[in-house]
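See structure below.
The basis for the numbers below is simple: all heavy atoms, side chains too, and nothing from hydrogens, waters or symmetry mates. This chain uses plain numbering: 1 for the first residue, then up along the sequence.
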Amino acid sequence: MLDFAIFAVTFLLALVAAVLYLYPASRQAAGIPGITPTEEKDGNLPDIVNSGSLHEFLVNLHERYGPVVSFWFGRRLVVSLGTVDVLKQHINPNKTSDPFETMLKSLLRYQSSGANVSENHTRKKLYESGVTNSLQSNFALLLKLSEELLDKWLSYPESQHVPLGQHMLGFAMKSVTQMVMGSTFEDDQEVIHFQKNHGTVWSEIGKAFLDGSLDKSTTRKKQYEDALRQLESILKKIIKERKGGNFGQHIFIDSLVHGNLNDQQILEDSMIFSLASCVITAKLCTWAICFLTTSEEVQKKLYEEIDQVLGKDPITPEKIEQLRYCRQVLCETVRTAKLTPVSARLQDVEGKIDKFIIPRETLVLYALGVVLQDPSTWPSPHKFDPDRFDDESMMKTFSLLGFSGAQECPELRFAYMVTTVLLSVLVRRLHLLSVEGQLIETKYELVTSPKEEAWITVSKRY
């Protein structure tokens, strides 16, 4: 998230590797509760792998040792924070740097710019305007794509099982590519080509840097590098076109092109935004519909709000702000799904959390997946209950964690808007129903997703 870095074990390796190179190793745990290294070379990496994911490892660690815990990655001490109270002591809301961007650049082997506070603030504003202007300029397109999906679902017999994740990925790819990169992606073949390369790059970012296996596999490394090169080639062509022309539709890249950025910054920023936005939008849409199928009461209340606010008219940008309950549904979706379960920051200076000293250059994890399921903050944490966000204090806590408000990342803000439009179209005409007997388990990666395809059925309201 903006001011946070979303990552799984792979990101941990990338950042720790840089720290190990720049700073001498320390075995001093500063008295912080936690576990000792399982292996001298890898630290607790085997424990993380055996747990299934970094998130699941942190859940177990915090259950055993409390809100502030430590473990070892190689020879490097890592500290994890697992409650809102301790996170409040560490989060600096005035920070404008974006570790998510920095770490993705590292994994993509780009050079981080090392911008100062003023430059980071300017780029944040540039991102915000890019999201706002691209959504407003392309709102009719977004509505059209949503209605095309609705028409497809309306054509199905009520007994037909719909592969939700597949449809949401396709919808997100079409929406993001056209709104971020323009009319080139009106051609479905261009979208399919982009999706293939996107999948290759994102998959390797999400897993292959864990143990350096990408560099050990000539075939995989070539596939990754070819896919990344093709994505960059597409972006370079679009950037050149947008610089030299006057277009009626504003896309996200236009805001970067018209900002005070050089060509490499525009390329890197547009790459990061397009990669992350496709995945976050697809998974938010998928989880939101999954949860709606399991709660008839929530779906009924959402339908009533849509009917009251929109009547027979289509949704507009102005009406989105009035769909307050819909926003609560999306916030609760992010919380219940633990959409981005881990974030991190490198400790700039020696600090203190509770009674514990955090040494300078320590990697500090924000165990967001743990925090989002903490019963002391969220009553009945495993229940999907959008009404909890009626409480202003709950929304303030959510904002503190980077999922709303000033700390909300542009990719998530984009996803919120796209998903709102989609739900307003689908829920108005359809009952969204679960498939009997289906158990949806979670796969925890950079962004969480169902382990297997999530299937639903639909029936017409009228």
For F57, check ring-ring contact (aromatic ring centres under 6.0 Å, His included) against everything at least two apart and list the hits.
F71

Going by an N to O cut-off under 4.0 Å, is there a salt bridge joining E128 and K125?
yes

Centre-to-centre under 6.0 Å for F252 and F414, is that the case here?
no

Salt bridge (charged side-chain N to carboxylate O under 4.0 Å, His left out) contacts in which one or both residues fall within residues 367-389, not counting sequence neighbours
K301-D387, E332-R388

Any residue meeting salt bridge (charged side-chain N to carboxylate O under 4.0 Å, His left out) with R64, in chain and number order, not counting sequence neighbours:
none

Suppose we screen for side-chain hydrogen bond (donor to acceptor under 3.5 Å, both in side chains). Which residues come up paired with W455, at least two apart in sequence or across chains?
none

With sequence neighbours left out, what residues match Q195 under side chain to side chain contact (heavy atoms under 4.5 Å, CB included)?
L169, M173

In residues 279-291, what donor-acceptor pairs under 3.5 Å come from side-chain atoms, sequence neighbours left out?
{"unit_1": "T281", "atom_1": "OG1", "unit_2": "S277", "atom_2": "O", "d": "2.7"}
{"unit_1": "T286", "atom_1": "OG1", "unit_2": "A282", "atom_2": "O", "d": "2.8"}
{"unit_1": "W287", "atom_1": "NE1", "unit_2": "T448", "atom_2": "O", "d": "3.2"}

For Q347, the side-chain hydrogen bond (donor to acceptor under 3.5 Å, both in side chains) test, sequence neighbours excluded, returns H90

To check you understand the geometry: which heavy-atom pair defines the closest contact between E453 and P163, and what is its length?
OE2-CB, 3.6 Å

Which residues share a side-chain hydrogen bond (donor to acceptor under 3.5 Å, both in side chains) with D254, sequence neighbours left out:
R242

Using only atom types and a distance under 3.5 Å, with no angle test, would you say the side chain of R413 pairs donor to acceptor with the backbone of S404?
no

For S255, all residues meeting side-chain hydrogen bond (donor to acceptor under 3.5 Å, both in side chains), sequence neighbours excluded:
H250

Please identify each residue that fulfils ring-ring contact (aromatic ring centres under 6.0 Å, His included) with F398, with sequence neighbours left out.
F389, F403

Those residues at least two apart in sequence (or on a different chain) that pass side chain to side chain contact (heavy atoms under 4.5 Å, CB included) with K88 are V84, L400

Inspect the surroundings of CD in Q89 and state if more than 12 heavy atoms from other residues, nucleotides or ligands are less than 6.0 Å away.
yes

Return the minimal non-hydrogen interatomic distance between S274 and V176, and the atom names on each side.
O-CG1, 4.2 Å

Looking at D42 and R75, is there a salt bridge between them, counting it only when a charged N and a carboxylate O are closer than 4.0 Å?
no

Could you list the residues that satisfy salt bridge (charged side-chain N to carboxylate O under 4.0 Å, His left out) with R428, not counting sequence neighbours?
none

Answer yes or no: is there a donor N or O on one side and an acceptor on the other, between the side chain of E408 and the main chain of G402, under 3.5 Å?
no

